[in-house]
Amino acid sequence: MLAHCSARRAVNVLHRPCGKVQPRSFQRRTFVSTETFTNGFLDLATALPLPPSFPPYSTTIIICTVVSRLIWTVPFSIWAKQRQRRAEEEIMPIINSLKPGVSKLVLTEMQKAGVRGTKEQIQAAHGKRVKQLLTTRRKQLFLEYRCSPGFTMAIPIITQVPLFMGFSIVLNRLSQAPTPFDSESFLTLSTLAHADPTATLPIALGLVTLANVESSRWFMTDAQRERQEKVQKWKEDRVARGETVIEPQKIIKSALRLISVGRIVVATMVPGGVVLYWVTSATFGLVQTWIMDYWELRRKRKLALAPTLSKKTPAAKQ
């Protein structure tokens, strides 16, 4: 076969038309096809030294999911968490320290400008102006400290979506007949090439996704809970006065809850190998969220105790 390929190359060279030579970059352009990844996955499943009792393809899906998340998504999640910490611990204290001065400055400017009206109107105008100035300064600090909240929130999505879509496409391609996935079953899956007949894994996927949405309430400090209650009461007072209150967080959570239900429906129609990957990835994400939120809770509790300990230390020395 090597001789045949060499002969073909020689014939192509002899019959190559004379003229301007094409740039080298155009001559050697190659594209990675889905077949490359599917063949690589099958080779990996065959080469892994797994015990005979372990289903090779299902185990390889789980191993690849965990390893890829550890290598690719976890570092970006830690980076995003560090950006969030800078915003909370460095920028917000600066903004809070600026509030009294900005409030006095705006009040002085309004008095000089001769702003008049009812007490409620003056307070509303004052609050609006103070909010505008503090928002402008906060945006400047976000740029200075490189921790813009919009990009911080987008980092996990940007890093996870390509990996999620790519692996799902590869596994879906491997599930098309003829495929070795037909010869392996796992848990409630009769084969990895067909949908779960009992819908057990799709339901588990929806529950894990929903738990990931609701787990943000499980790791909150007392100060955060108290602040949340105050904000909720303030919103209720505004609604009672007939004002319209838009709550982006509630809208996002409601959308994520609907997505959790939608994932169950979609998962009942895709091959078992793809569902197994989705369940493994969602479970890994849930555990990752729990661990990072628990560490964040411990860190915030230590920060809250630091002033108390610093006050007790001089008293103990005396």
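Numbering starts at 1 and runs along the sequence shown.
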Here the gap from T159 atom OG1 to W79 atom CH2, rounded to the nearest 0.5 Å, amounts to 10.0 Å
Show your working on side chain to side chain contact (heavy atoms under 4.5 Å, CB included) between D196 and T268 and close with a plain yes or no. CA-CA 6 Å; D196 187 351; T268 57; over 6 Å; no
Test M92 against R138 for side chain to side chain contact (heavy atoms under 4.5 Å, CB included), laying out the working first.
CA-CA 8 Å; M92 294 313 298; R138 184 165 56 246; 4.2 Å; yes
- Please examine the side chains of E90 and R85, heavy atoms only from C-beta on, and report whether any two atoms are closer than 4.5 Å. no
Is it the case that one hydrophobic cluster holds both I264 and L201, taking links as side-chain heavy atoms less than 4.5 Å apart, direct or via other members?
no
- prompt: With distance as the sole test, does T179 use its side chain to make a donor-acceptor pair with the main-chain N or O of L174 at under 3.5 Å?
  reply: yes
Those residues at least two apart in sequence (or on a different chain) that pass ring pair (Phe, Tyr, Trp, His ring centres under 6.0 Å) with W72 are F76
One should read off an interatomic distance between L171 CG and F41 CZ, to the nearest 0.5 angstrom, of 6.0 Å
The test is side chain to side chain contact (heavy atoms under 4.5 Å, CB included); show your working for V66 and F284 and say whether it passes. CA-CA 7 Å; V66 174; F284 183 93; 4.0 Å; yes
Dump the intermediate steps for side chain to side chain contact (heavy atoms under 4.5 Å, CB included) on L192 and S58, then the final yes or no. CA-CA 8 Å; L192 296 180; S58 302; 3.5 Å; yes
Within the 4.5 Å heavy-atom criterion, are S68 and L163 side-chain neighbours or not?
yes
To the nearest 0.5 Å, atom NZ of K99 lies from atom NZ of K131 at 11.0 Å
With T152 as partner, the option from Q84, Q82, R83, K81 fulfilling side chain to side chain donor-acceptor pair (under 3.5 Å) is R83
*Do you reckon M269 sits in the same ILVMFWY cluster as F167, going by side-chain contacts under 4.5 Å, direct or chained?*
no
Could you walk me through whether T38 and R173 pass side chain to side chain donor-acceptor pair (under 3.5 Å), step by step?
CA-CA 7 Å; T38 55; R173 177 66 183 84; over 6 Å; no
Taking side chain as C-beta onward, heavy atoms only, is L256 less than 4.5 Å from I259?
-> yes
Q. Quick one: do I169 and F37 end up in the same hydrophobic cluster if we chain Ile, Leu, Val, Met, Phe, Trp and Tyr together by side-chain heavy atoms under 4.5 Å apart?
A. no
CG of L189 to NE2 of H194, rounded to nearest 0.5 Å, is 11.5 Å
Exercise. Assess whether side chain to side chain donor-acceptor pair (under 3.5 Å) is satisfied between S103 and H126, documenting all intermediate values.
Key: CA-CA 8 Å; S103 179; H126 177 267; 3.3 Å; yes
Heavy-atom check, side chain of V270 versus side chain of N172, under 4.5 Å: no
Nearest heavy-atom contact between P271 and A193 is CB-O, 3.8 Å
Those residues at least two apart in sequence (or on a different chain) that pass ring pair (Phe, Tyr, Trp, His ring centres under 6.0 Å) with F164 are Y277, W278
For T209 and S260 the tightest heavy-atom approach is CG2-OG, 3.4 Å
*Do the non-hydrogen side-chain atoms of T289 and Y294 ever get within less than 4.5 Å of each other?*
no
Here the gap from T283 atom OG1 to N212 atom CG, rounded to the nearest 0.5 Å, amounts to 9.5 Å
Connected to V67, directly or through other members, by ILVMFWY side-chain contacts below 4.5 Å are L44, L48, L50, F54, I63, I71
query: So, R69 side chain and S281 main chain: donor-acceptor pair closer than 3.5 Å or not?
result: yes
key: Path from V279 to L210 over hydrophobic side-chain contacts below 4.5 Å   = no
(request) Answer yes or no: does atom CE of M153 have more than 12 heavy-atom neighbours from other residues, nucleotides or ligands under 6.0 Å? (result) no
task = Indicate, with yes or no, if L107 and V130 share a hydrophobic cluster defined by side-chain heavy-atom contacts under 4.5 Å among Ile, Leu, Val, Met, Phe, Trp and Tyr.
result = no
Does the side chain of R86 reach to within under 4.5 Å of the side chain of R146, using non-hydrogen atoms? yes
Q | Close side-chain approach of P197 and T188, heavy atoms under 4.5 Å | A | no
query: So do L187 and T200 actually touch side chain to side chain, heavy atoms under 4.5 Å?
result: no
Correct closest heavy-atom pair for P56 and T60 would be O-OG1, 2.6 Å
Task: side chain to side chain donor-acceptor pair (under 3.5 Å) between Q288 and S77, intermediate numbers included - done: CA-CA 9 Å; Q288 173 187 318; S77 297; 3.0 Å; yes
Worked verdict on Q140 versus E144 for side chain to side chain donor-acceptor pair (under 3.5 Å):
CA-CA 6 Å; Q140 293 173 352; E144 181 180 343; over 6 Å; no
In short, A282 meets L205 closest at the heavy-atom pair CB-CD1, 3.9 Å
For this session: Please answer whether the main-chain N or O of Y57 pairs with a side-chain N or O of E184 as donor and acceptor at a distance below 3.5 Å.
Result: yes
One should read off an interatomic distance between Q176 CD and D182 CG, to the nearest 0.5 angstrom, of 11.5 Å
